[in-house]
Amino acid sequence: MIRDLIELRSKFSQNANQTLALNMKRYMRDQFEFFGIQAPLRRKLTSEFLQEYGFPREDQVFEVISELWGMEEREFTGVALQIMDMRKRLFHHDDIKLIEKIAVTKPGWDTLDHISANHAGHYFMLFPEKLSIADEWIHSNNIWLQRSALLFQLKYKHNTNQDRLFSYIRLLSDSQEFFIKKAIGWSLRQYSKSNKESVVQFIENNQLSNLSKREAMKLWK
């Protein structure tokens with residue numbers, strides 16, 4: 001499968017758009033290189049590649065995802081996330097190691113938020129006994145792991161563990177990191193769709209940054 005990725009690179013190169021690539025690079029603050037392939041086309045090309053060359057075997061997944069993640073052009077991280085999405089039902093206990101690896105390697109909000117809500121969130125639903133790992137994330141000094149801890153319950157709705165969410169927010173409420181402030185607000189806004197009263201009370205009774213409060217209350221106008 002690793003050798004076959006050469007064919008995927010060729011497929012992407014044939015569909016490259018230099019103008020879009022420059023715009024994408026600029027949008028991501030010149031942190032990454034791009035082919036200039038937008039998400040719908042990237043997903044289509046990836047699906048065609050997987051149909052032709054096959055889906056990675058379970059014993060290949062870690063290596064394939066790591067290889068894709070290490071490639072220079074950012075579109076390959078999208079391929080890796082698509083593969084992860086397609087195999088979520090097969091997640092096993094050790095997949096948290098892969099989730100952590102891609103969360104902190106070449107990190108950016110464009111990948112981290114998907115990893116948090118779709119992969120970490122699904123993983124912890126499958127293996128609630130592993131939630132102590134999220135506790136380790138929130139106490140780490142890595143803002144991307146901390147953001148993942150804040151956001152992994154985004155899709156939980158009424159199944160959100162309110163005590164865990166609120167305790168995590170309190171731990172980071174004085175953070176000066178932009179991505180943490182935004183994540184606090186986003187997590188509260190999402191939870192307010194299921195329990196607005198509790199979120200209102202939490203905001204009233206806790207010291208939060210103005211940015212976090214604005215993000216939390218966006219839907220309340």
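Under the 3.5 Å distance criterion, with hydrogens and angles disregarded, a donor-acceptor pair is assigned to the side chains of H119 and D85. With 3.5 Å as the limit, one finds a donor-acceptor pair spanning the side chains of Y168 and D135. With 3.5 Å as the limit, one finds a donor-acceptor pair spanning the side chains of S212 and S209. Side-chain atoms of E136 and S132 include no donor-acceptor pair closer than 3.5 Å. Side-chain N/O atoms of N195 and Y191 include a donor and acceptor closer than 3.5 Å.
Rounded to the nearest 0.5 Å, atoms CD1 (I169) and OG (S175) are 12.5 Å apart. From R170, atom CZ reaches atom CD1 of I184 across 11.5 Å, with rounding to the nearest 0.5 Å. Atom CG of residue L165 and atom OG1 of residue T160 lie 7.0 Å apart, to the nearest 0.5 angstrom. Residue E129 holds its CD atom at 8.5 Å from CG of L131, rounded to the nearest 0.5 Å.
Among pairs with a residue in residues 178-187, those fulfilling side chain to side chain donor-acceptor pair (under 3.5 Å) read K182-E215, at least two apart in sequence or across chains.
The ring of F12 has its center no closer than 6.0 angstrom to the ring center of F34.
Checked for salt-bridge contact, E73 and R9 meet the test: a charged N lies under 4.0 Å from a carboxylate O. Ion pairing between K11 and E7 fails under the 4.0 Å rule for side-chain N and carboxylate O. The residues E33 and R74 are annotated as not salt-bridged, no charged nitrogen and carboxylate oxygen being separated by less than 4.0 angstrom.
In terms of the side-chain contact (heavy atoms from CB on, under 4.5 Å) criterion, residue partners of N142 (sequence neighbours excluded) are, by chain and number, V104, S140, W144, L145. Applying the side-chain contact (heavy atoms from CB on, under 4.5 Å) rule to Q82 yields the partners R43, T46, S47, M86; only residues at least two apart in sequence or on another chain are considered. Residues satisfying the ring-ring contact (aromatic ring centres under 6.0 Å, His included) test with F32, not counting sequence neighbours, are none. Applying the ring-ring contact (aromatic ring centres under 6.0 Å, His included) criterion to H139, with sequence neighbours excluded, gives no partner residue.
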- Item | Working for side-chain contact (heavy atoms from CB on, under 4.5 Å), residues L208 and L188 | CA-CA 11 Å; L208 301 177; L188 288 172; 3.8 Å; yes
- Item | Candidate pair L98 and M84, rule side-chain contact (heavy atoms from CB on, under 4.5 Å), full reasoning | CA-CA 10 Å; L98 181 56; M84 290 283 283; 3.7 Å; yes
- Audit row: F127, D95, side-chain contact (heavy atoms from CB on, under 4.5 Å) steps and yes/no: CA-CA 11 Å; F127 307 111; D95 271 302; over 6 Å; no
- Task: Under the side-chain contact (heavy atoms from CB on, under 4.5 Å) rule, what do E58 and R87 come out as? Steps first, then yes or no, please.
- Result: CA-CA 9 Å; E58 271 301 293; R87 62 174 289 275; 2.9 Å; yes
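Using a distance-only test at 3.5 Å, with no hydrogens or angles considered, no donor-acceptor pair links the side chain of K130 to the main chain of I96. In terms of modelled atom types and a separation under 3.5 Å, the side chain of Q146 and the main chain of W137 share no donor-acceptor contact. Here the side chain of Q176 pairs a donor or acceptor atom with the backbone of D174 at under 3.5 angstrom. Under the 3.5 Å distance criterion, the side-chain polar atoms of Q201 are left unmatched by any main-chain donor or acceptor of S198.
Between Y123 and I99, some side-chain heavy-atom pair lies under the 4.5 Å cut-off. Proximity of E52 to E48: side-chain heavy atoms (C-beta onward) are nowhere separated by under 4.5 Å.
Neither M28 nor L22 shares a network with the other; the hydrophobic side chains, linked directly or stepwise wherever heavy atoms of I, L, V, M, F, W or Y lie under 4.5 Å apart, form separate groups for each. One hydrophobic cluster holds both F178 and I180 under the rule that ILVMFWY side chains link at heavy-atom gaps under 4.5 Å.
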Result block: side-chain N/O donor-acceptor pairs under 3.5 angstrom for residues 61-69, not counting sequence neighbours:
residue	atom	partner	partner atom	Å
S66	OG	F62	O	2.8
S66	OG	K101	NZ	3.0
W69	NE1	T105	O	2.8

